[in-house]
Amino acid sequence: MARSALLNVMVQAALKAGKSLGRDFGEVQNLQVSVKGPGDFVSTADRKAEKIVREELLKARPTYGFLGEESEEIKGTDGAHRWIVDPLDGTTNFLHGIPAFAVSIALERNGEIVAAVVFNPATDELYTAERGGGAFLNDRRLRVAARRALSDCVIGCGVPALGKRNHGKFLVELRHVMGEVAGIRRLGSPTLDLAYVAAGRFDGFWEAELAPWDMAAGILLIREAGGFATDWDGGATMLESGTIVAGNEIIHKALIEVVKRPIPAK
């Protein structure tokens, strides 16, 4: 696949941060960890990876803005471009030695995601996409799964962690979805969940209360793989609302209906 200069910058930043994470993953017991909030830990590896990504991206495009999980937002001077970065999505997995985590980098231009990179250094899987150019996994073209019935589908989701709101609401959603599908999976990394939808591994995905860096790259991966990714109302306010539902055209529509099904009256 041919990559633009910008996508090559993003790939190199992700690979460099991933190399650092890979070394630290092997020494996970020795990491110095500080508490960021209930159930949400930030490690030395996390902060180091963001520093690597930020420096690589801003060196190549110093006028672009930068929104990352571990640091204050940098407002760009060009007014049109912004990097949206999660240097280590799946921190809890990482700290427990579970090889499901990723570096996520998206480029936003005038409010639209135009390029995306997701890299899992534990599996050496590199997902890339550019608007209008398709989505790829290690240079293999991706397409979302073609299943048309929820009863045949494996659906990914997020589970609210300790300290998050709406545990009861999620349990209602889960009850509704599990009664309609073949299986439900929770990876612990929304970035990888969405990449798995793009790769056809998951047939769909839903979650609420996500941050922009949790889903910006995944949204473009899915769309460029022929899928749909919207907010829970079928709109385009995912980064603002924190909600997302994804899948092929049929499964996406069906999943929205199930997730938004009213709570049964007692």
Side-chain angles (χ1 to χ4, degrees), residues 1-15 17 50-87 89 102-119 126-136 141-142 144 190-191 193-195 197-198 205 207-249 252 256:
M1 58 168 288
R3 294 176 182 152
S4 70
L6 268 176
L7 188 61
N8 275 324
V9 167
M10 296 166 69
V11 167
Q12 291 309 309
L15 292 178
E50 178 159 314
K51 183 175 185 289
I52 290 170
V53 173
R54 184 174 64 247
E55 289 178 352
E56 290 293 310
L57 296 179
L58 294 182
K59 180 174 64 177
R61 295 294 189 273
T63 63
Y64 288 12
F66 185 94
L67 176 64
E69 183 179 13
E70 303 303 334
S71 58
E72 289 188 12
E73 182 174 3
I74 299 171
K75 299 291 186 180
T77 58
D78 81 340
H81 295 88
R82 179 172 68 159
W83 303 111
I84 303 177
V85 173
D86 193 339
D89 185 52
V103 181
S104 174
I105 304 173
L107 175 62
E108 183 183 57
R109 178 180 295 142
N110 296 319
E112 296 287 333
I113 306 300
V114 297
V117 173
V118 171
F119 178 53
L126 176 69
Y127 299 83
T128 57
E130 290 186 272
R131 189 169 65 179
F136 297 82
R141 185 72 178 258
L142 297 180
V144 294
T191 293
D193 285 315
L194 295 171
V197 174
F205 176 77
E207 191 166 358
E209 297 191 56
L210 291 176
W213 47 79
D214 292 322
M215 51 182 162
I219 288 167
L220 186 66
L221 286 172
I222 290 169
R223 289 176 172 172
E224 289 298 321
F228 287 70
T230 70
D231 59 36
W232 284 21
D233 293 317
T237 69
M238 296 80 71
L239 302 189
E240 295 78 20
S241 69
T243 67
I244 189 167
V245 176
N248 66 32
E249 183 176 10
H252 167 263
I256 286 180

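These figures come from a predicted structure and were not determined experimentally.
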Nearest-0.5 Å distance, [atom1] of residue [X] to [atom2] of residue [Y]:
X: N8; Y: T128; atom1: CG; atom2: OG1; result: 9.5 Å
X: L220; Y: L107; atom1: CG; atom2: CG; result: 10.0 Å
X: L15; Y: E56; atom1: CG; atom2: CD; result: 10.5 Å
X: S104; Y: D89; atom1: OG; atom2: CG; result: 7.0 Å
X: K59; Y: R54; atom1: NZ; atom2: CZ; result: 13.5 Å
X: N110; Y: H81; atom1: CG; atom2: NE2; result: 7.0 Å

| request: Could you tell me whether E112 and R109 have a side-chain N and a carboxylate O separated by less than 4.0 Å? | output: no

Got a donor-acceptor contact below 3.5 angstrom from the [X] side chain to the [Y] backbone?
X: T237; Y: E240; value: no
X: D233; Y: G235; value: no
X: E50; Y: D86; value: no

Where is the tightest heavy-atom contact between [X] and [Y], given as atom of each residue plus distance?
X: S241; Y: D231; answer: OG-CB, 3.8 Å
X: E207; Y: P190; answer: OE1-CB, 3.9 Å
X: T191; Y: A102; answer: CG2-CB, 4.2 Å
X: A217; Y: V117; answer: CB-O, 4.2 Å
X: L7; Y: A129; answer: CD1-O, 4.0 Å
X: M238; Y: R223; answer: CE-NH2, 3.4 Å

When you compare the side chain of [Y] with that of [X], does any pair of heavy atoms fall below 4.5 Å?
X: H252; Y: V245; result: yes
X: F66; Y: V85; result: yes
X: L6; Y: R61; result: yes
X: V118; Y: L194; result: no
X: V9; Y: L57; result: yes

| message | One pair to check against side-chain contact (heavy atoms from CB on, under 4.5 Å): I256 and W232. What are the steps and the verdict? | response | CA-CA 6 Å; I256 286 180; W232 284 21; 5.8 Å; no

| side-chain contact (heavy atoms from CB on, under 4.5 Å) between L239 and E108: does it pass, once the steps are laid out? | CA-CA 11 Å; L239 302 189; E108 183 183 57; 3.9 Å; yes

| said: With a 6.0 Å cut-off (strictly less than), is the heavy-atom count around CD of E72, excluding the residue itself, greater than 12? | reply: no

| message | Counting only heavy atoms not in E73 (residues, nucleotides, ligands), do more than 12 fall under 6.0 Å from its CD? | response | yes

| said: With side chain to side chain contact (heavy atoms under 4.5 Å, CB included) as the test, pick out the partner of W83 among L58, I74, V53, L67. | reply: L58

| task | Have a look at I244 and tell me which of I219, T230, I222 forms a side chain to side chain contact (heavy atoms under 4.5 Å, CB included) with it. | result | I219

| message | Between E70 and W213, is the side-chain contact (heavy atoms from CB on, under 4.5 Å) condition met? List the steps. | response | CA-CA 11 Å; E70 303 303 334; W213 47 79; over 6 Å; no

